[in-house]
Amino acid sequence: MEELDILHRALGSRLVTEAAEIAKYARDSSRELVAGAAQAVVLAESTADVSAALSWANAAKVPVSVRGAGTGLAGGAVAYEGGIIISLERMNRILSLDVPNRLAVVEPGVITAELDAAAHQHGLFFPPDPASARTSTVGGNIATNAGGLRCVSHGVTSDAVAALEVVLADGRIMHTGARTRKNVVGFDLTSLLVGSEGTLGVITAATVRLKPVAPGTPRTFRAGFPTLESAGDAVTAIVNGAAQPEVLELMDALSIEIVESYFPSGLVVPEGAMLVGQTVGVDAQAKAEAITRTCLDAGANEVEISESDSLLEARRLSNPALNARGLKLSCDVGVPIAALSEVFRGIGEISRQHGLRVSTVAHAGDGNLHSAVEALDTPDGILAADAVLDDITRLALTLGGTISSEHGIGSVKRHELPWQLDAVTLDVQRAIKEALDPHGILTPDRAI
């Protein structure tokens with residue numbers, strides 16, 4: 001179309017219009033199967049490229065989807081019919097590492113684990129640690145306010161973001177936040193944009209906080225439990241104890257069985273569930289011993305402490321293993337720590353009521369559960385699995401929880417928003433969206 005020619009003149013070869021190439025960027029890793037036929041992909045290499053693309057889309061009133069590595073699980077990056085896709089994968093530079101101030105400035109396409117590795121060369125690390133850290137991007141993590149394995153000790157992605165460069169819907173470039181530890185100037189636009197899922201602007205650079213690597217050799221521990229409920233009781237006791245872990249994860253027996261079948265490591269399948277975690281610091285061994293004693297007191301029938309990271313590796317492999325087994329439909333609800341045992345009992349009852357197997361892995365230390373449903377890959381199978389996930393989500397809400405702890409809302413969970421947010425809250429959020437994106441081009445009809 002003639003209007004697209006205008007954008008082509010601005011971007012040249014960075015604008016891709018071949019259907020086969022567009023298809024590579026049309027979906028993310030969610031269960032959202034239907035993607036619209038976008039008319040182009042912008043392979044952005046700079047903030048100026050993003051600004052040009054959004055200025056054009058805003059004038060033409062063309063919907064825009066924003067994509068990092070495509071690892072999102074909520075359908076937030078799926079292409080729109082007649083829209084354009086802005087891919088940030090080429091904006092993958094670490095622009096600076098400020099070691100004295102423990103800050104890094106990065107483009108959005110930087111892989112999370114690569115930033116962490118670069119920081120480690122200076123005795124620092126990047127705290128956000130999603131299970132997909134080896135493939136997910138920093139920009140994507142910021143857009144969804146991702147969590148991960150180290151949340152129990154370091155918080156979610158928003159806790160590590162100091163400042164942002166963002167391109168607004170009309171192409172204007174905005175800078176938020178500061179490099180200082182304290183900043184109370186104006187509204188906290190940085191926090192507003194973290195977790196906004198591409199609905200308010202496109203992040204083109206981020207200043208993120210790093211932390212010093214703890215001295216000593218980390219210890220990894222595991223504890224096997226006869227039931228999920230007893231594992232949940234142990235988590236509550238650990239979180240409220242004196243010895244605090246860096247990581248505290250849970251895998252139920254079904255998830256461990258599936259991981260072992262796809263990625264054999266000799267991991268013993270427990271009767272009910274396994275807690276696996278890590279302690280750091282010069283007293284890592286003493287903390288691990290204290291935590292495993294707490295596990296035994298809560299009913300664990302076996303414990304182990306090791307210097308190897310292999311136990312955590314099994315947790316990171318759970319998603320690909322579960323997907324391969326047919327447990328592709330999952331949720332990421334969160335509950336207060338003290339409600340873990342109750343939510344595990346409820347999930348078991350929901351599984352029995354629906355006659356579908358449910359596997360649960362969790363960032364147990366912060367109450368974030370990922371329950372996946374084994375279902376046929378058919379329309380009826382997906383509907384049946386969605387019914388299970390909806391019931392688990394409602395259960396979490398009755399226990400004071402949330403419909404999403406780290407994956408975001410996207411399109412997959414948008415129908416659940418009124419379950420958690422009242423009408424006034426939704427109205428305010430949508431008013432903010434309209435103020436920043438009056439033509440509704442940025443990730444429309446998703447997230448809010």
Side-chain angles (χ1 to χ4, degrees), residues 44-51 53-54 66 68-69 86 88-120 122 124-130 133 136-148 150-151 154-212 406 408 432-433 435-437 442-443 447:
E45 295 181 359
S46 67
T47 301
D49 288 348
V50 176
S51 178
L54 289 182
V66 188
I86 295 181
L88 302 171
E89 65 180 1
R90 291 187 179 182
M91 294 182 68
N92 57 8
R93 296 178 299 162
I94 298 175
L95 300 175
S96 68
L97 270 172
D98 181 352
V99 176
N101 288 310
R102 298 176 184 170
L103 295 171
V105 181
V106 301
E107 291 182 324
V110 171
I111 300 298
T112 310
E114 292 178 3
L115 171 57
D116 192 45
H120 264 80
H122 302 277
L124 302 171
F125 72 100
F126 181 52
D129 185 32
S136 65
T137 63
V138 175
N141 293 338
I142 293 173
T144 59
N145 198 9
R150 292 194 287 242
C151 277
H154 299 289
V156 293
T157 297
S158 59
D159 296 299
V161 179
L164 295 172
E165 178 183 81
V166 180
V167 181
L168 299 176
D170 59 7
R172 289 181 298 163
I173 300 166
M174 177 175 71
H175 296 89
T176 74
R179 297 173 66 87
T180 54
R181 292 299 304 179
K182 298 164 70 176
N183 172 37
V184 294
V185 179
F187 294 137
D188 188 356
L189 297 179
T190 304
S191 293
L192 175 65
L193 287 156
V194 176
S196 62
E197 300 185 46
T199 61
L200 303 179
V202 178
I203 295 164
T204 51
T207 302
V208 296
R209 297 187 176 96
L210 308 175
K211 289 188 175 183
E406 62 180 3
I432 293 170
K433 162 71 171 171
L436 293 179
D437 181 17
L442 276 174
T443 318

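One is the number of the first residue; the rest follow in order along the sequence. Everything numeric in this text was worked out from a predicted model, so none of it was measured.
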What distance separates Asn92 CG from Leu115 CG, expressed to the nearest 0.5 Å? 12.5 Å
Look at the aromatic rings of Phe125 and His154 and report parallel, tilted or perpendicular, splitting at 30° and 60°. perpendicular
Shortest non-hydrogen contact from Ala163 to Ala178? CB-N, 3.7 Å
For Leu168 and Leu54, what are the C-alpha separation, side-chain angles and deciding distance, and is it a side chain to side chain contact (heavy atoms under 4.5 Å, CB included)? CA-CA 8 Å; Leu168 299 176; Leu54 289 182; over 6 Å; no
Just verifying a value: how many Å separate Thr112 OG1 and Asn141 CG, rounded to the nearest 0.5 Å? 4.0 Å
Could you tell me which residues satisfy salt bridge (Lys or Arg N to Asp or Glu O under 4.0 Å) with Asp159, sequence neighbours excluded, listed by chain and number? none
Side-chain donor or acceptor of Glu45 paired with backbone N/O of Arg90 under 3.5 Å: no
Looking at Leu103 and Ala162, what are the two nearest heavy atoms and their distance? CD2-CB, 4.4 Å
Is Arg150 reaching over with its side chain to a backbone N or O of Asp129, donor-acceptor style, under 3.5 angstrom? no
When rounded to the nearest 0.5 angstrom, what distance separates CG in Leu97 from CG in Leu210? 6.5 Å
Atom pair CG (Asp437) and OG1 (Thr199), whose distance is rounded to the nearest 0.5 Å: 8.0 Å
Could you measure the distance from the CZ atom of Arg209 to the CZ atom of Arg181? Nearest 0.5 Å is fine. 4.5 Å
Could you check Leu88 against Val50 for side chain to side chain contact (heavy atoms under 4.5 Å, CB included), going step by step and ending with a plain yes or no? CA-CA 9 Å; Leu88 302 171; Val50 176; 4.0 Å; yes
Heavy-atom pair of closest approach, residues Ala69 and Ser136: CB-CA, 4.5 Å
Tell me the closest heavy-atom pair linking Gly68 and Glu89, and the distance in Å. O-CB, 4.1 Å
Name all residues meeting the salt bridge (Lys or Arg N to Asp or Glu O under 4.0 Å) criterion together with Asp98; count only those two or more places apart in sequence or in a different chain, and write none if there are none. Arg179
Once you round to the nearest 0.5 Å, how far does CE of Met174 lie from CG of Leu200? 8.5 Å
Would you name the heavy atoms of Gly147 and Val156 that are closest together and state the gap between them? CA-CG1, 4.2 Å
Short side-chain to backbone donor-acceptor contact, Glu165 and Ile173, under 3.5 Å: no
Would you check if Thr204 and Met91 make a side-chain contact, meaning some heavy-atom pair closer than 4.5 Å? yes
Tell me, with the steps shown, if Leu192 and Phe187 meet side chain to side chain contact (heavy atoms under 4.5 Å, CB included). CA-CA 9 Å; Leu192 175 65; Phe187 294 137; over 6 Å; no
Please report the shortest heavy-atom distance between Ala447 and Ser196, naming the atom on each side. CB-O, 4.4 Å
From CA spacing to verdict: side chain to side chain contact (heavy atoms under 4.5 Å, CB included), Val161, Asn145: CA-CA 10 Å; Val161 179; Asn145 198 9; over 6 Å; no
Less than 4.5 Å apart, side chain to side chain, heavy atoms only: is that true for Val202 and Leu442? yes
Whether the side chain of Ser51 engages the backbone of Gly171 through a donor-acceptor N/O pair (distance < 3.5 Å, no angle test) should be reported. yes
Reference residue Ile142; test side chain to side chain contact (heavy atoms under 4.5 Å, CB included); the match among Thr190, Thr137, Val194: Val194
